[in-house]
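I have placed the structure first, in the form of structure tokens, so that the comments after it can refer back to it.
Just so you know, ligand 1 is whichever comes first in the structure, and atom 1 is the first atom listed for that ligand. Note: hydrogens, waters and symmetry copies are ignored here, and every other heavy atom, side chains too, is used.
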Amino acid sequence: MTLHNPALQAIMDKVIARNPGEPEFHQAVSEVLTSLEPVVERRPEFITRGVIEELVEPERIIKFRVPWVDDAGNVQVNRGFRVQFNSAIGPYKGGLRFHPSVYEGIIKFLGFEQIFKNSLTGLPIGGGKGGSDFDPKGKSDAEVMRFCQSFMTELCRHIGADVDVPAGDIGVGAREIGYLFGQYKRIRNEYTGVLTGKGLTYGGSLARKEATGYGLCYISDEMLRDQGDSFEGKTVVISGSGNVAIYACEKATSLGATVVALSDSNGYIYDPKGIDLAAVKKIKEVERKRIKEYLVYRPDATYTEGCSGIWSIPCDIALPCATQNEISEESAKLLVSNGVKAVAEGANMPSTPGAIQAFQSAGVLFGPAKAANAGGVATSALEMSQNSMRLSWTFEEVDEKLHGIMRNIYHNAAKAASDYGMAGNLVAGANIAGFLKVGESMLAYGVC
Ligand code: NDP
Ligand code: 2IT
């Protein structure tokens, strides 16, 4: 993709040259710079005063060894990362991902996207992300605990309630956050809101667990309503079966839709009668088993090996909630030819650039990740507020704030898109609206 503005193209070229072998990071930057073309045309100072050039370079990257001992007594060594990307509008904020595919480029792409997503929430949080190539799958609780303690032994030097506040992402849920928080508290001898997604007995917020999936449905609902439509009576396909997918399924169902499919990295289940979510929660949240176990509970459902086949199931609404680049251009075209009306991204960057193009050119309503999955981090920011005030809001209070935030994100992104001559393009709208607040703050700081 060539950018029209030569200064933006030069920045893109430099990003590629300086970050070799990191295609996901290049992809994320390229999309944002493309969206910013009309912004820098109107506001050239974002280029001339170095804002865009600073924006694509992380403020700080921390990379460290994570040694731990497995149950057999063997020493294992993983790599840990924290990319503190941008603190213009608040302390670095973003999840930790534990997955064998993690390397610096994945954490950079996620940290970069987090800047704009966090800005869109309207709350004072900067962008960061971290993680490790550690795979929690198949590990005992004791192994996960030892890994988390080793990871936090290094990470605790670099984070803090007003500095950098990590949370969960793929492979990091309540169990991992508990071990990480316990170790931080022990080493630093302080009890502060340094992590979000905490358990409810030690400072967690009600509705944080549900927030990303619920928020995804709230914004999708708002997008549909703007077209005089709703979830009522719709057939929905959701990829993944982790935290985001499970609570997207719960909310979509409560809004009157029928969710017919879920997946994991091995394969997908198809249950045209509607997913039995209690069974999925038992399999995934309690037993940590594979999605194919679903057939034990619903023998009439089908299970198919391989995850991309899920996009061949005809549906009205598709909610990708697994991982980056999980919808190829071919899968997108298949969804379009099967009549999909709306796609909203629960995962980060799940649609390839070709897939986004296919959806947009077919007139499919498309809710990009930075807007659509911002409910998780927004509720993390609400958890930070509650921790600072040393009080707790009810589930209903948090859920209502989340709902309002998601509605605002949709309308702000839609307005930015039309203000810049791209009405209906929420990819551009989310990037522009997210950028402007960060960019204005960076201008105010001068070169720093
Ligand atoms: P979980 O670890 O709870 O679940 C991840 C799900 O995605 C699992 O079903 C997993 O299957 C599947 N998956 C992961 N990697 C792959 C892969 N390479 N190929 C196919 N399937 C895969 O993570 P979350 O639900 O928290 O995260 C899902 C997505 O949502 C991620 O993109 C994350 O960045 C994003 N997100 C999460 C937020 C949160 O609050 N948790 C907030 C905003 C975005 P398997 O078990 O087989 O690995
Ligand atoms: O991608 C994301 O926004 C998250 N994984 C949630 C981050 C957070 O700090 O709650």
Side-chain angles (χ1 to χ4, degrees), residues 24 90-102 106-107 109-118 120-121 123 125-131 135-138 159 164-177 193-198 204-205 207-216 238-249 262-269 280 283-285 288-292 306-310 319-327 344-351 369-384:
E24 298 86 359
Y92 310 105
K93 180 82 197 86
L96 296 171
R97 177 177 290 191
F98 292 169
H99 192 273
S101 62
V102 164
I106 292 281
I107 302 299
F109 114 67
L110 290 163
F112 182 70
E113 297 228 311
Q114 203 82 42
I115 302 169
F116 310 98
K117 181 198 306 193
N118 292 4
L120 281 171
T121 66
L123 300 166
I125 39 179
K129 199 85 185 190
D135 186 359
K137 260 194 229 108
I159 62 175
D164 183 354
V165 182
D169 193 81
I170 291 176
V172 178
R175 174 183 61 172
E176 289 75 17
I177 294 292
V194 67
L195 291 162
T196 60
K198 299 185 292 299
S205 173
R208 173 62 188 91
K209 180 176 69 175
E210 294 82 358
T212 312
Y214 278 22
L216 174 66
I238 302 178
S239 64
S241 49
N243 173 262
V244 180
I246 286 175
Y247 292 95
C249 181
L262 288 175
S263 62
D264 61 20
S265 57
N266 292 106
Y268 65 92
I269 49 162
V280 175
I283 296 162
K284 288 292 175 182
E285 294 186 333
R288 298 182 187 275
K289 286 189 176 159
R290 310 309 300 157
I291 199 68
K292 70 172 173 228
C307 32
S308 66
I310 194 170
L319 304 175
C321 295
T323 195
Q324 64 277 350
N325 291 326
E326 56 169 310
I327 305 189
E345 299 184 319
N348 285 306
M349 208 168 77
S351 310
K370 293 182 196 85
N373 71 32
V377 75
T379 307
S380 279
L382 300 178
E383 182 172 330
M384 290 164 71

Can you name the nearest heavy-atom pair linking T121 to A378, along with the distance? CG2-CB, 3.8 Å

So is S101 close enough to ligand 1, meaning a heavy atom under 4.0 angstrom away?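 S101 does not count as a contact of ligand 1 under the 4.0 Å cut-off.
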
Minimum-distance protein heavy atom relative to [atom]:
{"atom": "atom 4 (C) of ligand 2", "result": "K129 NZ, 3.7 Å"}
{"atom": "atom 10 (O) of ligand 2", "result": "S380 OG, 2.5 Å"}
{"atom": "atom 7 (C) of ligand 2", "result": "G95 N, 3.5 Å"}
{"atom": "atom 2 (C) of ligand 2", "result": "K117 NZ, 3.2 Å"}

Polar side-chain atom of [X] near backbone of [Y] as donor-acceptor pair, under 3.5 Å:
{"X": "K289", "Y": "I283", "result": "no"}
{"X": "D164", "Y": "I159", "result": "no"}
{"X": "N373", "Y": "A347", "result": "yes"}
{"X": "D169", "Y": "L96", "result": "no"}
{"X": "E345", "Y": "P320", "result": "no"}
{"X": "T379", "Y": "A211", "result": "no"}
{"X": "E113", "Y": "F109", "result": "no"}
{"X": "D135", "Y": "F98", "result": "no"}

Sub-3.5 Å N/O-N/O distance, [X] and ligand 1:
{"X": "N373", "result": "no"}
{"X": "Q324", "result": "no"}
{"X": "R290", "result": "yes"}
{"X": "K284", "result": "no"}
{"X": "R208", "result": "yes"}

In ligand 1, which numbered atoms sit nearer than 4.0 Å to a non-hydrogen atom of [X]?
{"X": "H99", "value": "15 (N)"}
{"X": "A347", "value": "29 (C), 30 (O), 32 (O), 35 (C)"}
{"X": "K137", "value": "45 (P), 46 (O), 47 (O), 48 (O)"}
{"X": "G240", "value": "9 (O)"}
{"X": "D169", "value": "26 (O), 33 (C), 34 (O), 36 (N), 37 (C)"}
{"X": "S263", "value": "9 (O)"}
{"X": "R97", "value": "31 (C), 32 (O), 33 (C), 34 (O)"}

side-chain hydrogen bond (donor to acceptor under 3.5 Å, both in side chains) for K93 and T196? Distances and angles first, verdict last. CA-CA 9 Å; K93 180 82 197 86; T196 60; 3.0 Å; yes

Polar contacts were defined as any N/O atom of the residue lying under 3.5 Å from an N/O atom of the ligand; does this apply to N348 and ligand 2? yes

So, is A167 polar-close to ligand 2, with some N/O to N/O distance under 3.5 Å?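 No; the residue has no nitrogen or oxygen that sits under 3.5 Å from a nitrogen or oxygen of the ligand.
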
Going by the closest heavy atom to [atom], which one wins out of [options]?
{"atom": "atom 37 (C) of ligand 1", "options": "I246, V244, T323", "value": "V244"}
{"atom": "atom 44 (C) of ligand 1", "options": "A369, G346, C321, G94", "value": "G346"}
{"atom": "atom 8 (C) of ligand 1", "options": "A167, G306, S241", "value": "S241"}
{"atom": "atom 6 (C) of ligand 2", "options": "K93, E113, R208, R97", "value": "R208"}

Student check: side-chain heavy atoms of I107 and V102 closer than 4.5 Å: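 They are in side-chain contact.
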
Considering only heavy atoms from C-beta outward, does the side chain of R290 approach that of S265 to under 4.5 Å? yes

May I have the step-by-step check of salt bridge (Lys or Arg N to Asp or Glu O under 4.0 Å) for E383 and R208, ending in yes or no? CA-CA 8 Å; E383 182 172 330; R208 173 62 188 91; 5.2 Å; no

Single hit among K284, K209, E285 for side chain to side chain contact (heavy atoms under 4.5 Å, CB included) with N243: K209

Proximity to ligand 1 by part of N243, non-hydrogen separation under 4.0 Å: both

I'd like to know whether ligand 2 has A381 as a neighbour, heavy-atom separation below 4.0 Å.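 No; A381 lies far enough from ligand 2 that no heavy-atom distance drops under 4.0 Å.
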
Is a donor from one side chain sitting under 3.5 angstrom from an acceptor on the other, for S239 and E326? yes

